[in-house]
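What follows is a single structure, written as structure tokens, with notes after it.
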Amino acid sequence: MNVQAQIDADSPRTTEHFDVLIAGAGISGVGAAYHLATQCPGTTFVALEAQKTYGGTWTTHRYPGIRSDSDLHTFGYRFKPWTTAPIASAAEILKYMGEVIEENDLAPHIRYRHTITSAKWSNEENLWTIEATRTDTGEKFRFTTNFFWMCQGYYRHTEGYTPEWKDMAKFKGPIVHPQKWPEDLDYRGKRVVVIGSGATAATLIPAMAKDAGHVTMLQRSPTYFRTGRNAIEIAEELRRLQVDERWIHEITRRKILFEQDAFTRKTFAEPEAAKKDLLSAVEAYLGKDYDIATHFTPKYRPWRQRIAFIPDGDLFQGIKSGKASVVTDEIDRFTEKGILLKSGKELEADIIVTATGFNLCANGDIDFEIDGKPLDFADTVTYRGMMFTGVPNLVWVFGYFRASWTLRVDLVADFVCRLLNHMKQTGVKKVTPELRPEDHNMPILPWIDPENFNPGYMMRGMHLLPKRGDKPEWQHNQDYWAEKDEFPQIDLKDRAFVYS
Ligand SMILES: Cc1cc2nc3c(=O)[nH]c(=O)nc-3n(C[C@H](O)[C@H](O)[C@H](O)COP(=O)(O)OP(=O)(O)OC[C@H]3O[C@@H](n4cnc5c(N)ncnc54)[C@H](O)[C@@H]3O)c2cc1C
């Protein structure tokens with residue numbers, strides 16, 4: 001085939017146009033679709049999703065016990081009540097999302113197995129041209145859209161993060177990352193070592209401990225956990241009183257958010273007292289003789305990394321029963337039989353699980369261009385963690401770390417729909433965030449202050465992320481309690497928005 005024939009074969013034959021194009025059909029993309037359908041009637045839109053179904057995180061992760069680490073009253077949408085126990089399995093979350101799609105007739109707006117590969121903005125046409133490839137047939141598609149709503153999450157779905165340890169190839173058994181869980185992995189009666197101490201490790205360990213011979217959590221340093229009953233008293237009480245589920249959802253959300261706000265403030269104002277609260281809850285499960293100082297007392301202030309909720313203390317119950325244990329040490333190298341630790345001890349294993357986190361991916365691996373020039377988001381400054389200087393008609397949904405992600409999905413959606421309706425009413429085609437004259441001397445800083453929040457994947461990927469300023473408009477402040485009041489008040493005529 002000559003070069004031109006090859007180009008023709010690889011090129012999409014038709015171009016479809018939508019007013020809004022959404023990247024991804026996870027909790028953010030489905031939320032965006034719902035809000036567009038309800039708040040911007042008449043707007044045409046499509047969501048392109050690389051996977052074969054909706055759910056994002058909850059489809060990608062299939063490891064034993066996979067569940068939320070925050071409550072579903074706030075991880076669920078504001079508009080659809082969550083009616084069962086607050087910590088939910090991936091299957092329950094997918095069922096809930098499926099109902100949102102069905103009840104609101106969103107299915108015709110979602111195209112699965114479509115990976116977006118490039119997004120090119122033209123200032124002449126005031127349009128994004130989006131190219132996508134079907135994952136099953138390799139067929140190419142081209143779309144144009146006025147507005148690009150990026151709901152592609154924050155990490156690469158195709159592969160997780162596994163550090164390179166010495167002699168990994170020598171280990172005789174399987175080494176598994178939770179993001180790529182083999183369906184046929186048989187761990188019954190086997191010795192499993194899970195490397196990691198975050199929410200994934202804390203979920204996997206009690207789930208695997210039921211059938212495995214023994215599960216060891218190997219951590220370099222400990223993490224904070226919250227624990228308690230997988231139930232919310234006020235929701236149970238209101239249900240007993242046969243209150244409408246919509247009211248229960250709203251009241252329970254308010255109660256949870258009120259308490260989370262108080263706890264978050266405590267971690268900043270009285271970190272030692274907050275730490276004591278967290279550690280005494282662990283001690284209540286493990287007893288005074290357990291070495292909590294070594295295994296469950298992190299060196300950092302609470303909330304500098306995400307705090308996972310352990311329902312019914314199942315991780316601690318697994319440890320107490322002897323089916324699971326914790327080793328706090330560093331890896332020297334892998335061996336045929338397991339892992340040699342820096343202390344000199346060897347941990348023997350049949351299976352090693354690397355619950356070592358994600359690869360941050362800020363742009364969904366999409367090649368961005370503006371008027372033919374490659375766009376690097378690291379060269380931009382963020383407008384409230386959702387828009388970017390010099391990038392027209394584009395919003396990215398990046399949720400909260402200290403509160404449920406979805407709270408921000410709803411807030412950002414309200415803002416986008418208000419913005420789109422405003423642009424329609426005023427007849428403008430383009431909105432670009434730009435620093436105002438009063439912002440020009442503002443310090444330009446990394447996306448997030450590591451003193452504030454510093455998990456490994458953020459630290460590893462900070463150079464890929466947009467920059468922030470030191471004013472509320474020019475940063476993602478991670479503060480739901482401020483943003484819930486500030487977002488509805490955003491003045492669309494502010495000079496930070498340049499329209500044409
Ligand atoms: C195991 C696990 C548990 C978690 N638990 C919680 C929790 O309890 N509470 C909480 O608040 N947060 C939790 N998080 C964080 C979680 O990722 C978010 O809360 C939320 O699910 C993110 O939703 P999202 O739709 O923005 O992104 P994702 O869930 O990441 O979905 C993005 C979707 O976009 C698609 N996509 C990406 N790039 C492209 C492309 N180029 N073209 C087409 N499609 C693309 C992906 O295939 C994916 O389906 C958890 C994360 C993990 C990994």
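Below, all heavy atoms of this structure are taken into account, side chains as well, without hydrogens, waters or symmetry copies. These numbers come from a predicted model, not from an experiment. All ligand and atom numbering here is 1-based and tracks the order in the structure.
For ligand 1 and Y63, the ligand atoms under 4.0 Å from any heavy atom of the residue are 1 (C). Using a 4.0 Å cut-off to heavy atoms of H114, the atoms of ligand 1 that qualify are 42 (N), 43 (C). Distances below 4.0 Å separate heavy atoms of H61 from the following atoms of ligand 1: 53 (C). Listed by number with element, the atoms of ligand 1 under 4.0 Å from a non-hydrogen atom of S68 are 8 (O). Interface atoms of ligand 1 facing Y154, defined by a heavy-atom separation under 4.0 Å, are 15 (C), 17 (O), 51 (C). Annotation for ligand 1: atoms under 4.0 Å from non-hydrogen atoms of S404 are 11 (O). Near G56, the atoms of ligand 1 lying under 4.0 angstrom from a non-hydrogen atom of the residue are 29 (O), 31 (O), 48 (C), 49 (O). The ligand atoms of ligand 1 that sit less than 4.0 angstrom from a heavy atom of L48 are 43 (C), 44 (N).
A cation-pi arrangement, defined by a distance under 6.0 Å to the six-membered ring centre and an angle within 45 degrees of its axis, is absent between R134 and F141. Relative to the ring axis of Y400, R408 places its NZ or CZ within 45° and under 6.0 Å from the centre. A cation-pi arrangement is found for R301 relative to F268, the charged atom lying closer than 6.0 Å to the ring centre and inside a 45° cone about the ring normal.
If you look at A23 next to ligand 1, there are no close heavy atoms at all, none under 4.0 Å. Residue-level proximity to ligand 1 for H157 is carried by the side chain, the only part with a heavy atom below 4.0 angstrom. Within the 4.0 Å heavy-atom criterion, the part of R306 lying near ligand 1 is the side chain and not the backbone. Only the side chain of F358 comes within 4.0 Å of ligand 1, counting heavy atoms alone; its backbone N, CA, C and O stay farther away. Only side-chain heavy atoms of I366 come within less than 4.0 Å of ligand 1; its backbone N, CA, C and O stay farther off. Contacts between F309 and ligand 1 below 4.0 angstrom, taking non-hydrogen atoms only, are absent altogether. Contacts of W58 with ligand 1, taken as heavy-atom pairs under 4.0 Å, involve the side chain alone. Only side-chain heavy atoms of F75 come within less than 4.0 Å of ligand 1; its backbone N, CA, C and O stay farther off.
Under a 4.0 Å heavy-atom criterion, T115 is in contact with ligand 1. Taking 4.0 Å as the cut-off, Y112 does not count as a neighbour of ligand 1 on heavy-atom distance.
In this structure, the ring of W128 has its center no less than 6.0 angstrom from the ring center of W149. Taking the ring centroids of H157 and Y155, they lie under the 6.0 Å cut-off. The aromatic ring centroids of F75 and W58 lie less than 6.0 Å from each other. Separation of the Y300 and Y224 ring centroids falls under the 6.0 Å cut-off. W405 has its ring centre less than 6.0 Å from the ring centre of F398. In this structure, the ring of F368 has its center less than 6.0 angstrom from the ring center of F377.
Taking atom 9 (N) of ligand 1 as the reference point, the nearest protein heavy-atom neighbour is S70 OG, 2.6 Å. Nearest non-hydrogen protein atom to atom 40 (C) of ligand 1 is I116 N, 3.8 Å. Of all protein heavy atoms, the one closest to atom 38 (N) of ligand 1 is Q152 CB, 3.6 Å. Closest to atom 2 (C) of ligand 1, if we only count protein heavy atoms, is T57 CG2, 3.7 Å. With respect to atom 27 (O) of ligand 1, the closest heavy atom belonging to the protein is G153 CA, 3.3 Å. Closest to atom 35 (C) of ligand 1, if we only count protein heavy atoms, is E49 OE1, 3.4 Å. W405 N, 2.8 Å is the protein heavy atom nearest to atom 11 (O) of ligand 1. With respect to atom 7 (C) of ligand 1, the closest heavy atom belonging to the protein is D69 OD1, 3.1 Å.
The residue from G26, A119, G24, S28 that puts a heavy atom closest to atom 24 (P) of ligand 1 is S28.
Atom CG of L411 and atom NE2 of H35 lie 9.0 Å apart (nearest 0.5 Å). Here the NZ atom belonging to K120 is positioned 12.5 Å from the CD1 atom belonging to I366, to the nearest 0.5 angstrom.
Considering both main-chain and side-chain atoms, V397 never comes within under 3.5 Å of ligand 1 through any nitrogen or oxygen pair. For ligand 1, the polar-atom distance check against A25 finds no nitrogen or oxygen pair separated by under 3.5 Å.
Remark: E259 does not engage R254 in a salt bridge, criterion side-chain N to carboxylate O under 4.0 Å. A salt bridge between R239 and E245 is present, with a side-chain N of the basic residue lying under 4.0 Å from a carboxylate O of the acidic one.
Within the 4.5 Å cutoff, no side-chain heavy atoms of M387 are placed close to those of V391. Residues Q478 and W303 form no side-chain contact, since every pair of their non-hydrogen atoms from C-beta on lies 4.5 Å or further apart.
At distances below 3.5 Å, at least one donor-acceptor pair connects side-chain atoms of R253 with backbone N or O atoms of H73. Remark: side-chain polar atoms of S404 are not paired, donor with acceptor, to backbone N or O of T406 under 3.5 angstrom.
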